[in-house]
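Throughout, protein chains are lettered first and strands after them, A, B, ... in sequence-line order, and every chain is numbered starting at 1. All values below come from the heavy atoms of this structure, side chains included, with hydrogens, waters and symmetry mates left out.
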There are 2 protein chains.
Amino acid sequence: MQLSAPRRGRPGYDRDEVLRVAVQLFNEQGYDATSVADLAQRLGLTKSALYHHFDSKEQLLQIALETALSELEAALRDAVARDEPASTQLTEVIRGAVRVLTSEQPSVTLLLRLRGNSPVELAALERRRRFDQRVTALVRAAQDEGLIRADVDAGVATRLIFGMINSLVEWYRPDGKVDPALLADDVLAMALEGLRPR
Amino acid sequence: MQLSAPRRGRPGYDRDEVLRVAVQLFNEQGYDATSVADLAQRLGLTKSALYHHFDSKEQLLQIALETALSELEAALRDAVARDEPASTQLTEVIRGAVRVLTSEQPSVTLLLRLRGNSPVELAALERRRRFDQRVTALVRAAQDEGLIRADVDAGVATRLIFGMINSLVEWYRPDGKVDPALLADDVLAMALEGLRPR
DNA sequence: GTCTATAGAATGATAGAC
DNA sequence: GTCTATCATTCTATAGAC
């Protein structure tokens, strides 16, 4: 079974490679601050060559956001699929979110910086909001089970936990020095046990 | 003592009011996605009238960033001024940072979203980096004193703590329902004791 | 010849500055 | 309002691998 069709035509970038470089540049400079000319220059192409691969600048954004959101939603689905206590599901969601943020860091970074300036961005923000709501419900259930203190608001607790997790896109570097699974352990330890020695 | 000079000439915005609206709009849409025409429309002015108050769009950004950075640096200075253990200084820095993020939320929000696309942005990012380094040194000293577990990297711990704190700009709303000082208690409790009941 | 990646030139719209 | 620069985008055509 062949994994990729044999290359026809002159050699050059394919769609995936263009997308990868585009998302990286969007994250370096910001989506709005990055012009199609910037991207063409980074790739060593002309703008018109880029438009052969994609319909619009926004389409590049849309595809990247779809990747980020579908991976996060899959992690949530996997965590709640098995018949386990909400506390276990919550810890699995946290591990899954850390895994997605490290493995799909570029596209998730784009997602976390959206301002809602277009229908595409608004739709992505709405999907992200629904994800947050489902996690908040898990935190609430985990409070009922006693894993999480009941004297903190579930919404505040969720936001603080994901404040830690989401900050990963700002400083995590996939250079192999930090195992993402161990990083998830650190996040869970800090969220549940705190940083003070016991 | 009069707090504001009597208004002369036609009524209108003064420099501070223009700045306030500008920073708010920058945060709604993103700095790069906001045009001077957008800002003029929001204020009900022409672009020319705006340029009477300011030299450039970037000057508005620069002033806001100066506010955010000087307040954060002042909070750090206050925390380390008194002759107390590093552990105490660290908790005071955290309280101060939460106070600044809530009281100066608009300008700090701008600071946290910078990408370094101009010399002004690069200089601000460099000042922010120095702030982070000084806090990391405090965390390291607090580890030596036993407030913070020694088995987590000081840099990782600092980043996770400020991941929580910085997330405030995304969801805190100064509507009076949440006292910032109590919010700082929540952040400190989660960072030090964790969310699991003891 | 056919398919794909690429270029050059030009479009209309909008940017920041004054 | 006006200016010049730059924006995203499109049209038409070519270069190179099959």
Side-chain angles (χ1 to χ4, degrees), chain A residues 2-65 110 113-122 124, chain B residues 9-10 12-13 15 18-19 21-65 110 113-122 124:
Chain A
Q2 90 190 7
L3 290 176
S4 62
R7 258 319 171 65
R8 298 283 304 274
R10 55 194 326 202
Y13 293 100
D14 62 9
R15 195 182 165 90
D16 281 351
E17 182 69 1
V18 169
L19 180 63
R20 198 187 59 77
V21 175
V23 171
Q24 182 184 329
L25 194 59
F26 289 162
N27 284 329
E28 286 177 20
Q29 305 183 342
Y31 173 75
D32 292 298
T34 302
S35 68
V36 177
D38 289 339
L39 178 56
Q41 186 176 36
R42 171 68 64 97
L43 289 162
L45 294 178
T46 59
K47 289 192 285 178
S48 44
L50 271 185
Y51 276 94
H52 168 73
H53 294 285
F54 288 97
D55 295 338
S56 68
K57 177 184 169 184
E58 192 170 39
Q59 190 188 38
L60 292 163
L61 177 67
Q62 186 165 23
I63 294 174
L65 295 177
L110 268 184
R113 292 180 181 159
L114 289 187
R115 302 310 310 153
N117 288 330
S118 69
V120 165
E121 296 190 15
L122 286 170
Chain B
R10 53 193 323 199
Y13 296 97
R15 196 181 163 91
V18 169
L19 180 63
V21 176
V23 172
Q24 181 183 328
L25 195 59
F26 289 162
N27 285 328
E28 287 177 20
Q29 306 181 342
Y31 173 75
D32 292 298
T34 302
S35 68
V36 177
D38 288 340
L39 178 56
Q41 185 177 39
R42 171 68 64 98
L43 288 162
L45 296 177
T46 61
K47 289 194 283 178
S48 320
L50 265 187
Y51 277 94
H52 168 71
H53 294 288
F54 288 97
D55 296 338
S56 68
K57 177 185 169 185
E58 191 169 42
Q59 190 188 38
L60 292 163
L61 177 66
Q62 185 165 24
I63 295 173
L65 294 178
L110 268 184
R113 292 181 182 157
L114 289 187
R115 303 309 311 154
N117 288 330
S118 69
V120 166
E121 296 190 16
L122 285 170

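Under 4.0 angstrom from either OP1 or OP2 of dT14(C) there lies no side-chain N or O belonging to Ser35(B).
Between Glu121(A) and Leu61(A) the shortest side-chain heavy-atom distance falls below 4.5 Å.
The interatomic distance linking Glu58(A) (CD) with dT9(D) (C1') rounds to 13 Å, in whole Å. One interatomic measurement links the two molecules: CG of Leu60(A) to C1' of dT9(D), which rounds to 13 Å at whole-angstrom precision. Summarising the geometry, the separation between CD on Gln59(B) and C1' on dG16(C) is reported as 14 Å, rounded to the nearest angstrom. Rounded to whole Å, atom C1' of dG16(C) lies 16 Å from atom CZ of Phe54(B). Between the CG atom of Asp32(B) and the P atom of dT6(D) there is a distance of 16 Å, given to the nearest Å.
With hydrogens and angles disregarded, no donor-acceptor distance shorter than 3.5 Å links the side chain of Arg113(B) to the backbone of Tyr31(B). When atom types are taken as modelled, the side chain of Arg15(A) and the backbone of Phe54(A) share no donor-acceptor pair closer than 3.5 angstrom.
Of all non-hydrogen atoms in Tyr13(A) and His53(A), the two that sit nearest each other are O-CE1, 3.0 Å.
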Q | Working for side-chain contact (heavy atoms from CB on, under 4.5 Å), residues Leu110(B) and Asn27(B) | A | CA-CA 6 Å; Leu110(B) 268 184; Asn27(B) 285 328; 3.6 Å; yes
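The stretch residues 36-53 of chain B touches DNA chain D through Lys47(B), Ser48(B), each having a heavy atom under 4.0 angstrom from the strand.
Taken to the nearest 0.5 Å, the CD atom of Gln24(B) stands 10.5 Å off from the CD atom of Gln29(B).
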